[in-house]
Protein chains: 4
Amino acid sequence: MAANRQKEIALAAVKLFEQKGYHATSVQDIADEVGLQKGSLYHYIHSKEDLLLQIAHEAITQFNDNMQAVLDTDLTAPEKLVKAVENHITMSVSNMETTTVLLREAFSLGDTQHQVIQDLTDKYVELWTQILEQGSRDGQFHVEQPKVTALAILGACNWVYRWYRESGQLSPTEIARVFSNLFLSGLSG
Amino acid sequence: MAANRQKEIALAAVKLFEQKGYHATSVQDIADEVGLQKGSLYHYIHSKEDLLLQIAHEAITQFNDNMQAVLDTDLTAPEKLVKAVENHITMSVSNMETTTVLLREAFSLGDTQHQVIQDLTDKYVELWTQILEQGSRDGQFHVEQPKVTALAILGACNWVYRWYRESGQLSPTEIARVFSNLFLSGLSG
Amino acid sequence: MAANRQKEIALAAVKLFEQKGYHATSVQDIADEVGLQKGSLYHYIHSKEDLLLQIAHEAITQFNDNMQAVLDTDLTAPEKLVKAVENHITMSVSNMETTTVLLREAFSLGDTQHQVIQDLTDKYVELWTQILEQGSRDGQFHVEQPKVTALAILGACNWVYRWYRESGQLSPTEIARVFSNLFLSGLSG
Amino acid sequence: MAANRQKEIALAAVKLFEQKGYHATSVQDIADEVGLQKGSLYHYIHSKEDLLLQIAHEAITQFNDNMQAVLDTDLTAPEKLVKAVENHITMSVSNMETTTVLLREAFSLGDTQHQVIQDLTDKYVELWTQILEQGSRDGQFHVEQPKVTALAILGACNWVYRWYRESGQLSPTEIARVFSNLFLSGLSG
DNA sequence: CATGAATGAGCCTTCATTCAT
DNA sequence: CATGAATGAAGGCTCATTCAT
């Protein structure tokens, strides 16, 4: 019943938001995609903006949950970092549309709603930072600026949605390994 | 002739596009900002989209030019990388509005116009890649995947506009050094 | 059958029409008020407009019935007038919501339906006029224009719903006496 | 230029609001009436509601101004009352559409905007009350409840828009005289 | 060069009503 | 009797762009 349609609508929205962007996607477009009248959509959504918020919220929450799971293990910091990078890139790529909407379109939210996403994003950065801090405590990482370093690593990972193509030579896992190597050993290593 | 006005309009547009986003900025907003009437703007611009294109074009061109200048030196690859990172971050930060518009709003361009920016962006990636390849050739870098590695580094740098605040603890130069250290020596270094 | 439900719905509608106005009240609002779904309402009503018509019809009918009852007595004209004024004001105030809907919202009816109410309203005016004519015949009133005079008196009474507040100093009965005095003796009296 | 169109639009709106009611009048209707596109109207108005507010505001202001002018004379209270009644009815009738919109549609305004009109209306009642109070002080009126009495008189006058027809037998001035007689001398007088 | 009136397409959203289940 | 999904028309409003003056 409703739940199916709701999912269907969210999927249609993600697809269109990714393809055309949030602003260039009309409610009509979404309705057409699911085979409903424009007005009928409003049985399932509060507003177009709310649809975007839900999509972005679910996406960033999943990133956060996955990251928390990594932190909850008793792996070493380098192991956690490798895992985190792999998780992030794998998730990004296998939910490319959602990730793109999260990273590219969330800014289109109104201030209040955008802040919700921003807060969760800040949390995500914080989790990455914790790995670096653990590594620093354990003497395995030399990090003077864990926060900024985390932002560098996360930035690299978040940029993947901008250039990854399925047709590329490397699999997500391979890309993750290249990234991990870079972060762990550097170019000179 | 009124090259001044044209510049003034572009500056107003950059400011507004950065603050509110391209779609949320109306031509009226821009006109208000420069003290003209909406209609009068069209003596100076072809269209709102064209304005965005020009802004993005100028921005990416400047990044490219700067990068080319680095490549044209006879510094070693590590030295070039350090320079490139510093240039990129310094430029990003000192032209924050423009950089934000380039990186966040260019997608709002129509396909044809977006491709213009995309091509220049691809070129930019290529230039970064060349540094890595030089380092590889010279035996100073261990890079198996120069293109992907370049994308990692560039991604990290391009993400800066998302979190940099003037009120932060580190100056752009210091941030650049943290980044360079990470890329050259890695966390374990 | 569900005459209860029908009454309940009418009461909900009156309340909402009075509070928000007919147009600003949605069928959903009414459904919410009675704890049904929008669609279920239509087992009890023909249309939103019909609901309004019924409310207004019942209201004006009650005014008319009450007035007829006064006319059917063998009171003198002045006595009848006093009684009519008191009845009208008392009824207005004790059914404030209904009266408000009748007097303020009936115009929202379509032409045909509005005419139904208008005819009953004209009848009501006619009944008031009869009192004045009786008084004129009996030599107790000096009225040259019974119809217009009736409209003056009725206007004064119909306006009460606009300003009466329960928190006011005068009771409906007291207000009615002030009104009657004015109509019978005038300011100079 | 603008001023003409603005007036023209206001006139069209008044006409349509009176004929069909505020809610039943669409912006399209108004645009059609003045021969403009729907969107073009917004060069001249802020919103449909604002249009209504302006109309109502101008109407009640004119009533107030006229009343104030009467109060500023040094006529006796009865003379002032006669003048006030005549002014009110004459104005009502000669600006029937505007008066109708003021008295029938102002409730459609949002709370804030409605309050603006309500405040001015309260002021109007106050001015009528002052006449009665003057008459009371001067010993020409016997009024125990000047406020309620004023509301009775004003109610009678405000009701005129509901029944007056140009085709009727009495001119506005004659109607005013019937009303004044009633208020001054009463039916028994 | 500047204006501002006008366009016309499009946008998001609401809503009374119907109907299969 | 009750639901709630679906409709489809309409509504108010915004906006990039054009053009006569």
Side-chain angles (χ1 to χ4, degrees), chain A residues 1-6 9 22-31 34-52, chain B residues 1-2 4-6 22-31 34-52, chain C residues 1-2 4-6 22-31 34-52, chain D residues 1-6 9 22-31 34-52:
Chain A
M1 54 194 59
N4 276 349
R5 278 280 181 171
Q6 211 140 350
I9 290 168
Y22 172 74
H23 280 111
T25 301
S26 72
V27 170
Q28 184 66 254
D29 291 335
I30 303 173
V34 296
L36 238 38
Q37 289 304 109
K38 208 170 25 164
S40 309
L41 235 56
Y42 285 83
H43 282 281
Y44 303 98
I45 65 170
H46 273 106
S47 65
K48 187 189 167 192
E49 188 181 12
D50 188 59
L51 200 43
L52 174 56
Chain B
M1 29 235 67
N4 277 350
R5 266 289 160 90
Q6 215 139 345
Y22 173 74
H23 280 109
T25 301
S26 70
V27 170
Q28 183 68 70
D29 290 336
I30 302 171
V34 295
L36 279 177
Q37 287 313 109
K38 216 178 4 174
S40 312
L41 268 194
Y42 285 82
H43 288 285
Y44 302 97
I45 65 171
H46 279 108
S47 66
K48 188 187 167 192
E49 188 181 11
D50 188 58
L51 203 41
L52 175 56
Chain C
M1 28 236 67
N4 277 349
R5 267 286 161 89
Q6 215 139 344
Y22 172 73
H23 280 109
T25 300
S26 70
V27 170
Q28 183 69 70
D29 289 335
I30 302 171
V34 294
L36 280 177
Q37 286 315 109
K38 216 179 3 174
S40 312
L41 268 195
Y42 285 83
H43 288 284
Y44 304 97
I45 65 171
H46 279 109
S47 67
K48 187 186 166 194
E49 189 181 12
D50 187 58
L51 203 41
L52 175 56
Chain D
M1 54 195 59
N4 276 348
R5 277 279 184 176
Q6 212 140 349
I9 291 168
Y22 173 74
H23 280 111
T25 301
S26 72
V27 170
Q28 184 65 255
D29 291 336
I30 303 172
V34 294
L36 239 36
Q37 289 305 110
K38 203 169 32 161
S40 308
L41 234 57
Y42 285 84
H43 282 282
Y44 302 98
I45 65 170
H46 274 106
S47 64
K48 187 188 167 194
E49 188 181 12
D50 189 58
L51 201 42
L52 174 56

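A, B, ... follow the sequence lines: proteins, then strands. Residue 1 opens every chain.
Annotation: of the two residues near DNA chain F, Y42(D) and K48(B), the 5′-most nearest-nucleotide partner is Y42(D). When each of G35(D) and T25(C) is assigned the nucleotide of DNA chain E bearing its nearest heavy atom, the one mapping closer to the 5' terminus is G35(D). Toward the 5' end of DNA chain F, the nearer of the two residues H46(B) and D29(D), judged by each one's closest nucleotide, is D29(D). In terms of position on DNA chain E, the residue among Q37(B) and K38(A) whose nearest nucleotide sits closer to the 5' end is Q37(B).
With a 4.5 Å cut-off on side-chain heavy atoms, I45(B) and I30(B) do not count as touching.
Residue contacts shown for L36(C) are limited to sugar-phosphate atoms, with no base heavy atom under 4.0 Å away. Within the nucleic acid shown, S26(A) comes within 4.0 Å of sugar-phosphate atoms alone, with no base atom in reach, counting heavy atoms only.
With a cut-off of 3.5 Å on both Watson-Crick or G-U wobble distances, the partner of dG12(F) is given as dC11(E). With a cut-off of 3.5 Å on both Watson-Crick or G-U wobble distances, the partner of dC1(E) is given as none. Taking a pair to require two hydrogen-bonding distances under 3.5 Å in either a Watson-Crick or a G-U wobble arrangement, dT7(F) pairs with dA16(E).
Straight-line distance from the NE2 atom of H43(D) to the C1' atom of dT17(F): 11 Å, rounded to whole Å. Counting to the nearest Å, the C1' atom of dG10(E) and the NE2 atom of H23(A) are 14 Å from each other. Remark: C1' of dT13(E) and CG of L41(A) are 11 Å apart, rounded to the nearest angstrom. In this structure, CD of Q28(B) is placed 13 Å from C1' of dA5(E), rounded to the nearest angstrom. Atom CD1 of I45(D) is separated from atom P of dT14(F) by 10 Å (rounded to the nearest Å). In this entry the distance linking CG of N4(C) with C1' of dC1(F) reads 15 Å, nearest Å.
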Q. Yes or no on side chain to side chain contact (heavy atoms under 4.5 Å, CB included) for H43(B) and L36(B), after CA distance, side-chain angles and deciding distance?
A. CA-CA 11 Å; H43(B) 288 285; L36(B) 279 177; over 6 Å; no

Q: Would you please test V34(A) and L41(A) for side chain to side chain contact (heavy atoms under 4.5 Å, CB included) and show each step?
A: CA-CA 9 Å; V34(A) 296; L41(A) 235 56; 3.9 Å; yes

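In the set dC1(F), dT17(F), dA5(F), dA5(F) carries the atom at the smallest distance from any side-chain atom of Y44(A).
Within the 4.0 Å cut-off from OP1 or OP2 of dG4(F), not a single side-chain nitrogen or oxygen of R5(A) is found. Distances shorter than 4.0 Å separate some side-chain N or O of S40(C) from OP1 or OP2 on dT3(F).
Note that CG of N4(A) and OH of Y44(A) are 9.5 Å apart. Values are rounded to the nearest 0.5 Å.
Although no hydrogens or angles enter the test, the distance criterion places no donor-acceptor pair under 3.5 Å between the side chain of Q28(B) and the main chain of K38(B).
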